[in-house]
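I have placed the structure first, in the form of structure tokens, so that the comments after it can refer back to it.
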There are 2 protein chains.
Amino acid sequence: MAGKSVSAERCDCEVIHEDVVNSVRTKMPEEETLYDLAELFKVFGDSTRIRILWALDEAEMCVCDIAYLLNMTQSAISHQLRVLKQAKLVRNRKEGKVVYYSLDDEHVRMIFDQGLVHINEDR
Amino acid sequence: MAGKSVSAERCDCEVIHEDVVNSVRTKMPEEETLYDLAELFKVFGDSTRIRILWALDEAEMCVCDIAYLLNMTQSAISHQLRVLKQAKLVRNRKEGKVVYYSLDDEHVRMIFDQGLVHINEDR
DNA sequence: TAAACATATGAGCGACTATTCATATGTACT
DNA sequence: AGTACATATGAATAGTCGCTCATATGTTTA
């Protein structure tokens, strides 16, 4: 509580550029916003889901199509589609027994493209 | 091996829009590219790392600054900075004992912004 | 109604990962 | 050389996650 113990409990250092830190702190978005952002990228952070999204960007497909395309179990695909739907990245349409999935966000492709730019940068 | 077993082993369905699947298949990027893309987004998929990147987008900071800003252990931050560096998202500069980190990619902000657009879309 | 089939879902398992704790490395100062 | 300090790192742990397997749901057709 007194003198130098400004640095709280977590940070075990002494020298701090407090002006910089305070300046940055005021510019940071809300904690919750950054948390939501991380949650969104977590969804992109799996190659199965990336492949599904990429495929759906090309054409609307049913669960079975996707499973066949990616050579994976129908169950595995279905589970992942649920994740993607919760993240509001895909929508579905029912036609008899068959459920067709498609992209629900035109920004997905832009985000992917930006990611590709980064990947291709360092080669 | 005969007749209907076109659908391989993984996909346990029968009805498939093979034309669509084949068309999509030709348009899909290489497996490795999508894998790398997922790896990149995996790095973004953690709120600690997102916060670090956002902070560094505002100003260059030393490890201790970041730990103080985010109220986290120096060790935890250091571990995450290593991940970010391996992903070529941050670079560092040494000045005596202190190591300053900064963003190593101007696309990060654009990717974040696109992500925010998605998040804010459905409210 | 019964069989066939596309899809969804819950439980369980193995793999991965973020943090903590202890300690090592490297630099500055006395 | 020795102390102080900023940072890095390895091991251990707790929590998360993707897939599989079994099964449920819902729709079509006979």
Side-chain angles (χ1 to χ4, degrees), chain A residues 4 7 9-17 20-21 34-35 38-39 41-53 60-87 90-101, chain B residues 4-5 7 9-17 20-21 35 38-39 41-53 60-87 90-101:
Chain A
K4 225 175 173 187
S7 35
E9 311 81 30
R10 311 308 300 269
C11 171
D12 34 359
C13 345
E14 302 272 338
V15 179
I16 288 172
H17 310 80
V20 175
V21 173
L34 296 180
Y35 182 80
E39 286 302 301
F41 287 127
K42 208 170 283 179
V43 176
F44 291 141
D46 176 83
S47 65
T48 298
R49 287 192 293 264
I50 288 270
R51 290 188 299 162
I52 292 175
L53 289 171
E60 178 189 68
M61 295 173 95
C62 69
V63 179
C64 205
D65 289 340
I66 303 171
Y68 178 62
L69 172 69
L70 304 183
N71 195 37
M72 289 183 66
T73 299
Q74 170 270 320
S75 178
I77 299 298
S78 190
H79 276 295
Q80 296 296 10
L81 284 169
R82 192 160 66 93
V83 174
L84 292 171
K85 194 165 181 221
Q86 279 170 347
V90 305
R91 69 174 145 246
N92 58 15
R93 167 176 79 81
K94 207 165 181 181
E95 197 170 288
K97 287 183 289 189
V98 184
V99 179
Y100 292 94
Y101 282 83
Chain B
K4 223 176 172 188
S5 62
S7 35
E9 311 82 30
R10 312 307 300 268
C11 170
D12 33 0
C13 347
E14 302 272 338
V15 178
I16 288 171
H17 310 80
V20 175
V21 173
Y35 182 80
E39 287 301 302
F41 287 128
K42 210 170 281 179
V43 176
F44 291 141
D46 176 82
S47 66
T48 297
R49 288 192 292 265
I50 287 269
R51 289 189 299 162
I52 292 176
L53 289 171
E60 179 188 66
M61 296 172 95
C62 70
V63 179
C64 206
D65 289 340
I66 304 172
Y68 178 61
L69 172 69
L70 304 183
N71 195 37
M72 289 183 69
T73 299
Q74 170 271 321
S75 178
I77 299 298
S78 190
H79 275 296
Q80 296 296 10
L81 284 170
R82 192 159 66 94
V83 174
L84 291 171
K85 195 169 180 215
Q86 280 171 346
V90 305
R91 67 174 146 246
N92 58 14
R93 166 177 80 81
K94 208 165 180 181
E95 196 170 289
K97 288 183 289 188
V98 183
V99 179
Y100 291 93
Y101 281 84

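Proteins come first, then strands; the chains are lettered A, B, ... in the order of their sequence lines, and each starts at number 1. Basis for what follows: all heavy atoms, side chains included, without hydrogens, waters or symmetry-related copies.
- Mapping A:Thr48 and A:Glu95 onto DNA chain D by nearest heavy atom places A:Thr48 at the nucleotide closer to the 5' end.
- The residue B:Tyr101 sits close only to the backbone: its heavy atoms come under 4.0 Å of sugar-phosphate atoms, none of a base.
- Here the CG-CG distance, from A:Leu81 to A:Asn92, works out to 8.5 Å after rounding to the nearest 0.5 Å.
- Whole-Å rounding puts the A:Glu39 CD to C:dA18 P distance at 12 Å.
- In this model, a side-chain donor or acceptor of A:Ser75 finds a partner on the base of D:dC21 within 3.5 Å.
- When every heavy atom of B:Leu70 is checked against every heavy atom of B:Ile77, the shortest pair comes out as CD1-CD1, 4.2 Å.
- Listed candidates were C:dT27, D:dT27, D:dT9. Nearest to the side chain of B:Lys94 is C:dT27.
- For A:Tyr68 and C:dA6, the shortest distance from a side-chain N or O to OP1 or OP2 is not below 4.0 Å.
- As a whole-Å value, the separation of B:Arg82 CZ from D:dA6 C1' is 17 Å.
- In this structure, B:Leu81 atom CG and D:dA6 atom P are separated by 16 Å, rounded to whole Å.
- Per the geometry, CG belonging to B:Asp65 stands 15 Å off C1' belonging to D:dC5, to the nearest Å.
- The shortest distance between the side-chain N/O atoms of B:Thr73 and the OP1/OP2 oxygens of C:dT20 is below 4.0 Å.
- Distance from the side chain of B:Lys97 is smallest for D:dC5 among the nucleotides D:dC19, D:dC5, D:dA8.
- In this structure, of D:dG18, D:dC19, C:dT7, it is C:dT7 that holds the atom nearest to the side chain of A:Cys64.
- Remark: C1' of C:dT19 and CD1 of B:Ile77 are 11 Å apart, rounded to the nearest angstrom.
- What separates CE of B:Met61 from P of D:dA6 is a distance of 15 Å, to the nearest Å.
- In this structure, B:Arg51 atom CZ and C:dT19 atom C1' are separated by 13 Å, rounded to whole Å.
- Comparing C:dT9, C:dT19, D:dC19 by their closest approach to the side chain of A:Ala76 singles out D:dC19.
- Looking at every heavy atom in both residues, A:Leu34 comes nearest to B:Ser47 through O-CB, 4.5 Å.
- A:Phe41 and B:Phe44 have tilted rings, their planes meeting at an angle from 30° to 60° on a 0 to 90° scale.
- Contact of A:His79 with C:dT7 (side chain to base): no donor-acceptor pair of N or O atoms is detected under 3.5 Å.
- Here the closest non-hydrogen pair linking A:Met61 and B:Val20 is CG-CG1, 4.1 Å.
- Contact check, A:Gln74 against C:dA8: no side-chain N or O comes under 4.0 Å of OP1 or OP2.
- Both A:Gln80 and A:Gly96 lie near DNA chain D, and the one whose nearest nucleotide falls closer to the 5' end is A:Gln80.
- Considering only side-chain N and O atoms, B:Arg49 lies under 4.0 angstrom from the phosphate OP1 or OP2 of C:dA18.
- Look at CE on B:Met72: it is 10 Å from P on C:dA18, rounded to the nearest Å.
- Side chains of A:Arg93 and A:Glu60 form a contact here, defined as non-hydrogen atoms less than 4.5 Å apart.
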